[in-house]
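Take a look at the structure set out below.
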Amino acid sequence: MRFHVGGALAGAVALGCLIGVGAPADDRLKPALEAIDADGILGHIRTLSSDEFEGRGPGTPGEEKTAAYLVDRFKAMGLKPGNPNGSYEQPVPLVGFQATEVRGAFHVDAPDGEIALEFPKNLVAVSRRLAPEVSVKNSEAVFVGYGVVAPEYGWDDFKGVDVRGKTLIMLVNDPAIPDPADPKVLDPSMFKGRAMTYYGRWTYKYEIAAEKGAAAAILIHEEGPAGYPFAVVQGSWSRENFGIDEPPQEGTPVRPAVEGWIDLSTAEKLMKACGQDLATLKKAALDRSFQPVPLHAKSEFSIKTTLRKVQSRNLIAKLEGSDPTQKDEYVVYTAHWDHLGRDAKAEGDGIYNGAIDNASGTATVLVIAEGLTKLSPPPKRSSLFLFVTAEEKGLLGSKYYASHPLYPLEKTLANINIDGINAWGRTRDFISIGMGQSNLDDLLVEVAGQYGRVIKPDAEPEKGAYYRSDHFEFAKKGVPALDPEGGRDYIGKDADYGQRKQDEYTKNDYHKPSDQVKPDWDLSGAVEDARLILEVGVRVADGDRWPEWKADSEFRARREAMLKAARP
C-alpha cells in the first residue's frame, strides 16, 4: 500500500451534510449517493480485517474466506460475474521466490583490486528469472547515470552504447530529483521538477536494463532520492517475494540475471577504485549530454533461490451498461483485497489484519458498487469492480489483469483505484495522487467544487506514490487512471491534525498487526470521499468525451498507440 490517512466519530452522513452547499448535478444520483454510509463501509472493514480472515494472505485460508465474502456480496447486489466465462474469479498463478545465497564482487584493474559485496549488509539482490540458480561472470561494469530513455524530454542516458551482457550501475529517482532536500539542483523544465516520473521508479530501472540486454542491474541507494533508508530494501528484498508464474510473453525482454542494490558507501568505494568520483559522475548525469562511463571493472554474482507455486485470484463483478451501443466500454474500479497474512514470529497473534490497508479500500469499492446498482437507468457504459491479489507482493494482481484483460483495454475508459481511506473525519480537501496526469483530475475538481471542496496534489510528489499502487499497472498500458486519497485539512481540527494522524499511523500501524479497526474512527469523511468517487465514475461512464492523458504525461503515447491500433 501507498497510503494516506488522516481523524474521529463514526456514523452515517446524510447527503445534505456534504461539505459546503450544493447537491449532485443529476438528481438521478441521489439514491446511489445515499446508499453509501459509514455503517456499510465499517461493516465490510470489520469483517475483512477480522482475525478470522487471517490477514488475507494470498494462497492461505484467508484468501479463500475473502473470495467467498466478496462473491457473496456481488450476488447479494445483483452484480453479474465479471469474468466472461461466467465466474467472479480470474485465476492468477504466482510463484514465491527467496534468495537463500547471494554472492557478489567487483574486480577492478587497479591497486585496490576488489570491492567485496556482502548480502544483505551492502548488497541486496534477487533474480526474477525464477530459476533455482543464476550466475554472472566477468561482466563489464558501466555507469549509466539514471538509466533513463525519455524521448519526450530528448533524454537518453545510453546514447547508443551496446550494454548487452554488461552490469549497469544506476542512480535512483530521475534526473530532476537527485536529492529532494537540496532544491538548488532541481530543474523544473525537465521531467516534472520535484514530482517523480515513472523514469525515477526502481522498477523502471530494471525494465530498461532488460530492454538493453544487461546481465545485471545494480542501483546505488541514497536515502534522500529513494525516499527510504537502505534498511527498508534490506528488509523487503531479503524475504520471500513473488512473481507471476508464466512464461514471458512473446517479445518481452529477458530480465537481467541479477537485480539489486548497493549502499552509498560501497558505491563510493567502487567509483574511487575505478578512478572515478561518484559526486562528479552524479553531476554529469544531470545533463542530457551525459555519456555512459565504462568503469574498467568486472562483476561477478551468483544467486541461489528457493521457489514455490501459489495459486491466487482476482475477484471481479460487472454492472452492465444501459446503452446498447456503449455497454461494451468500461470504467474499472480497483482495490487490492490482500494484505500480509500471518507471521508466527510477529507480536501478539501475528495476524496482519490490514484494516486501513486495504480492507478499507475494498469496503469502499463495495459500497460504490452497491450505490451504482441504485441508479435507474444504470450508467451508459459498463462498470467493473476488480479486487486484485498480491498488491503487497508487487502489484501482481493488477499487473496480471493488465496483461490478461478480461475486457479490451482499448475499450476501457478509465481506472479508479482506492488504496486506503480517510478514517479520521471530514476534510475540506481531497487529494489526487499524481495530479495533472490526466483530465480525470479536471473532472474530480469539477465534481468536488459542487460541494465546496478542493482537490489538492500529493504533498510529496518526489516519492513517486503514483507509481506504487494498482492503478499504475493500467497507466503503464495506457489506460487513464485516477488515484484519490483522503485529504488533510480537517474540519474543526488543528492545521497539523492530518499530518499528526498520518505520522501516528505510519509509526504505529502501517504493515503491522495493529492495523485494526479503532474505537475512535470517524468515517464521515470517507463517506464524502466515496460519494465524490462514485459521481466521477458516473460522469465518465455517461460522458461524451473519453478521459485523456495530459500532453506531458509519460503514458500519453501508449494510449495513443493503443487507440490507433484499435481504430485504424
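Bear in mind the structure is a predicted one, so any value in this text is a computation, not a measurement. Along the sequence shown, the residues carry numbers beginning at 1.
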Supply the atom-to-atom distance R128 CZ to I244 CD1, rounded to the nearest 0.5 angstrom. 12.0 Å
Is a donor from one side chain sitting under 3.5 angstrom from an acceptor on the other, for H339 and E391? no
What orientation do W261 and Y228 show, parallel under 30°, tilted 30 to 60°, or perpendicular over 60°? perpendicular
Given the ring of Y330, does K411 sit roughly above its face, with NZ or CZ under 6.0 Å from the centre of the six-membered ring and within 45° of the axis? no
Can you confirm whether more than 12 heavy atoms, excluding those of K121, are under 6.0 Å from its NZ atom? no
Kindly assign one of parallel, tilted or perpendicular to the pair F555 and Y467, based on the angle between their ring planes and the thresholds 30° and 60°. tilted
side-chain hydrogen bond (donor to acceptor under 3.5 Å, both in side chains) test vs T334 passes for just one of N415, T362, D470, N314, namely N415
Under 6.0 Å from the NZ atom of K283, do we count more than 12 heavy atoms belonging to anything else shown? no
Are a donor atom and an acceptor atom from the side chains of R308 and Q98 found within less than 3.5 Å of each other? no
K137/E300 ion pair, N-O < 4.0 Å: no
Which heavy atom of V148 sits nearest to which heavy atom of P175, and what is that distance? CG2-CD, 4.1 Å
Check the side chains of Q437 and S553 for a donor-acceptor pair under 3.5 angstrom, ignoring hydrogens and angles. yes
Ignoring hydrogens and angles, state whether a donor on the side chain of E63 or S312 is under 3.5 Å from an acceptor on the partner side chain. yes
State whether E560 and R556 are salt-bridged, where the test is any N-O pair (Lys NZ or Arg NE/NH1/NH2 against Asp/Glu carboxylate O) under 4.0 Å. yes
Side chains of T100 and T306: any donor to acceptor distance under 3.5 Å? no
Would D174 and T197 count as having a side-chain donor-acceptor pair, cut-off 3.5 Å? yes
Modelled atom types, side-chain donor and acceptor of D357 and H336, under 3.5 Å: yes
Do T506 and D503 have side-chain atoms, one donor and one acceptor, less than 3.5 Å apart? no
One thing to verify: whether E222 and K282 come together as a salt bridge, which I'm taking to mean a side-chain N less than 4.0 angstrom from a carboxylate O. yes
Quick check on R103: does its CZ atom have over 12 non-hydrogen neighbours (other residues, nucleotides or ligands) under 6.0 Å away? no
Nearest-0.5 Å distance, CG of residue L340 to CG of residue N353: 10.5 Å
Is the closest side-chain donor-acceptor distance between T266 and N122 under 3.5 Å? yes
Salt bridge or not between E211 and R255? Use side-chain N to carboxylate O under 4.0 Å. no
Would Y333 and N417 count as having a side-chain donor-acceptor pair, cut-off 3.5 Å? no
Can you confirm whether the side chains of E246 and H404 place a donor and an acceptor under 3.5 Å from each other? yes
Looking at D245 and K309, is there a salt bridge between them, counting it only when a charged N and a carboxylate O are closer than 4.0 Å? yes
With a sphere of 6.0 Å drawn around NZ of K512, does it hold more than 12 non-hydrogen atoms of other residues, nucleotides or ligands? yes
Could you tell me if the ring centre of Y401 sits under 6.0 Å from that of F474? yes
Could you label the plane-to-plane angle of the Y466 and W549 rings as parallel, tilted or perpendicular, counting under 30° as parallel and over 60° as perpendicular? perpendicular
Lys/Arg-Asp/Glu bridge criterion (N-O < 4.0 Å) met for E259, K205: no
NZ or CZ of R468 within 45° of W202 ring axis and under 6.0 Å: no
Does G434 offer a backbone N or O that forms a donor-acceptor pair with the side chain of D483 under 3.5 Å? no
Parallel, tilted or perpendicular, as decided by the 30° and 60° cut-offs, for the rings of F472 and Y198: tilted
Under 4.0 Å between a side-chain nitrogen and a carboxylate oxygen: does that hold for D162 and R164? yes
Can you confirm whether or not the ring centre of F191 sits under 6.0 Å from the ring centre of W155? yes
